[in-house]
Undergrad: 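This is the structure, below, for whatever I ask next.
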Amino acid sequence: MTGTEPNEEAQQGRVRQLYPLPERAPLAGLYLAHDLRSCVDGDTAYVYSNFIASLDGRIAVARAGDGSTEVPRETANSRDWRLLLELAAPADALIVSGRFVRELASGSAQSAPPLEGDVPAELLNWRREQGLTAQPALVVVSNSLVLPVESLLQRERQIVVITSEAAPADRARSLEARGIEVIRAGGQQVDGRRMVAALAGRDLKLIYSVAGPAVMHTLLEARVLHRLYLTTVLRVLSGEGYATLAQGPQLDPAYDFELSSLYLDPCGPDGVGQLLQVFDCARR
Ligand SMILES: NC(=O)c1ccc[n+]([C@@H]2O[C@H](COP(=O)([O-])OP(=O)(O)OC[C@H]3O[C@@H](n4cnc5c(N)ncnc54)[C@H](OP(=O)(O)O)[C@@H]3O)[C@@H](O)[C@H]2O)c1
């Protein structure tokens with residue numbers, strides 16, 4: 001091999017771009033350079049999401065004991081997390097699930113919502129330089145409306161709850177009484193198209209979903225997802241009780257993507273490589 005060896009690249013915080021053109025690039029700044037803010041076109045929202053998966057497609061596995069799930073310890077890693085923060089930096093709004101905010105309140109969440117907690121100062125500074133609010137708005141998708149109000153109110157950011165007409169009215173009223181905006185965007189479930197339109201109408205146009213497979217299905221079913229960032233860790237986990245990136249009725253027609261960029265990060269979890277893939281929606 002000529003040039004820089006993989007270990008050296010990892011130590012230098014570099015990745016290899018494999019597509020569209022082979023070249024080396026620093027990991028830090030890789031996704032920020034995608035300039036997602038330029039994807040918002042007038043009044044039209046731009047929606048993107050990301051996942052980290054094992055080679056056998058697991059984005060979450062069962063936690064021991066309580067029936068809940070979590071991102072596998074074998075795939076989660078700081079380099080992927082850095083890229084996730086770079087995706088959050090330009091966003092107007094971050095979509096999370098009701099489940100996530102319940103875990104946040106109970107202390108069992110695996111992380112704080114981006115960009116809270118331990119975040120590289122340059123990303124927060126970058127946001128400020130763009131004239132954006134300090135934190136993207138937190139958009140909570142929930143049908144149960146079993147949401148920890150105090151925990152939500154502690155967040156120093158705009159909070160919007162998106163729910164359906166079927167959600168319990170008394171719970172919606174309690175949230176509203178505490179100053180939390182509740183938007184009904186769907187009949188029995190939240191409808192992705194209505195959700196995105198409601199957010200765009202509030203000037204939240206660059207929308208990043210960090211939620212899981214049910215929200216992903218909601219976005220795909222409504223045909224509103226523009227881009228998917230997918231990190232595939234080159235490890236097979238197997239095991240029972242897991243989730244893949246979309247969960248819900250079969251999509252008809254299927255949701256098609258085209259490859260936009262592909263990178264090899266030689267130093268994912270425990271030094272195992274990971275592919276960083278960027279897919280754009282092929283049919284809208
Ligand atoms: N590997 C990865 O990159 C990755 C990324 C994200 C999440 N995950 C993992 O995936 C698992 C599930 O994550 P998650 O619970 O955040 O995501 P989720 O499965 O997308 O969301 C589930 C919850 O969101 C609400 N919801 C989703 N779609 C809805 C709709 N159309 N209408 C109304 N409510 C809707 C419901 O909340 P209520 O119960 O409040 O009604 C539901 O319980 C977790 O283990 C998480 O760690 C992995």
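Numbers for residues simply follow the sequence, beginning at 1. Numbering of ligands and ligand atoms starts at 1, following listing order.
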Undergrad: Where is the nearest protein heavy atom to atom 40 (O) of ligand 1: which residue, which atom, and how far?
TA: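 Answer, as residue, atom name and distance: S142 OG, 2.7 Å.
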Undergrad: Below 4.0 Å from ligand 1: does a non-hydrogen atom of A243 turn up there or not?
TA: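 Not so, A243 does not reach ligand 1.
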Undergrad: Taking only heavy atoms of V71 into account, list the atoms of ligand 1 that are under 4.0 Å away from them.
TA: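 In order of number, 1 (N), 47 (O), 48 (C).
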Undergrad: Identify the heavy atoms of I59 and P213 that sit nearest to each other, and give their distance.
TA: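 For I59 versus P213, the nearest heavy atoms are CD1-CD, 3.9 Å.
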Undergrad: Which protein heavy atom lies closest to atom 23 (C) of ligand 1, and at what distance to 0.1 Å?
TA: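 Answer for atom 23 (C) of ligand 1: S97 CB, 3.6 Å.
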Undergrad: Taking the non-hydrogen atoms of R102, is any one of them nearer than 4.0 angstrom to ligand 1?
TA: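 Contact check R102 vs ligand 1: positive.
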Undergrad: One thing to verify: whether K205 and D92 come together as a salt bridge, which I'm taking to mean a side-chain N less than 4.0 angstrom from a carboxylate O.
TA: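 Result for this pair is no, no salt bridge flagged.
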Undergrad: Tell me whether V146 reaches ligand 1 (any heavy atom closer than 4.0 angstrom to a ligand atom).
TA: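 No, V146 has no heavy atoms under 4.0 Å from ligand 1.
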Undergrad: So, for L145 and A167, which heavy atoms are closest and what is the spacing to 0.1 Å?
TA: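 For L145 versus A167, the nearest heavy atoms are CD1-CB, 3.8 Å.
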Undergrad: From the options E70, R99, Q110, select the one whose nearest heavy atom is closest to atom 46 (C) of ligand 1.
TA: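 Minimum heavy-atom distance to atom 46 (C) of ligand 1 goes to R99.
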Undergrad: At the 4.0 Å heavy-atom cut-off, does T163 count as touching ligand 1?
TA: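 No.
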Undergrad: Is a donor from one side chain sitting under 3.5 angstrom from an acceptor on the other, for Q274 and N77?
TA: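 A pair is found: one side chain offers a donor N or O, the other an acceptor, under 3.5 Å apart.
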Undergrad: Can you report which non-hydrogen protein atom sits closest to atom 17 (O) of ligand 1, along with the distance?
TA: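 I find the closest protein heavy atom is G212 N, 2.9 Å.
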Undergrad: When you measure from the heavy atoms of A211 to every atom of ligand 1, does any distance fall below 4.0 Å?
TA: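 True for this residue.
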Undergrad: If we count only N and O atoms by modelled type, under 3.5 Å, do the side chains of T133 and Q158 hold a donor and an acceptor together?
TA: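 No - no donor-acceptor pair under 3.5 Å links their side chains.
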Undergrad: Looking only at protein heavy atoms, identify the closest one to atom 36 (C) of ligand 1 and say how far it is in Å.
TA: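 Result for atom 36 (C) of ligand 1: V141 O, 4.2 Å.
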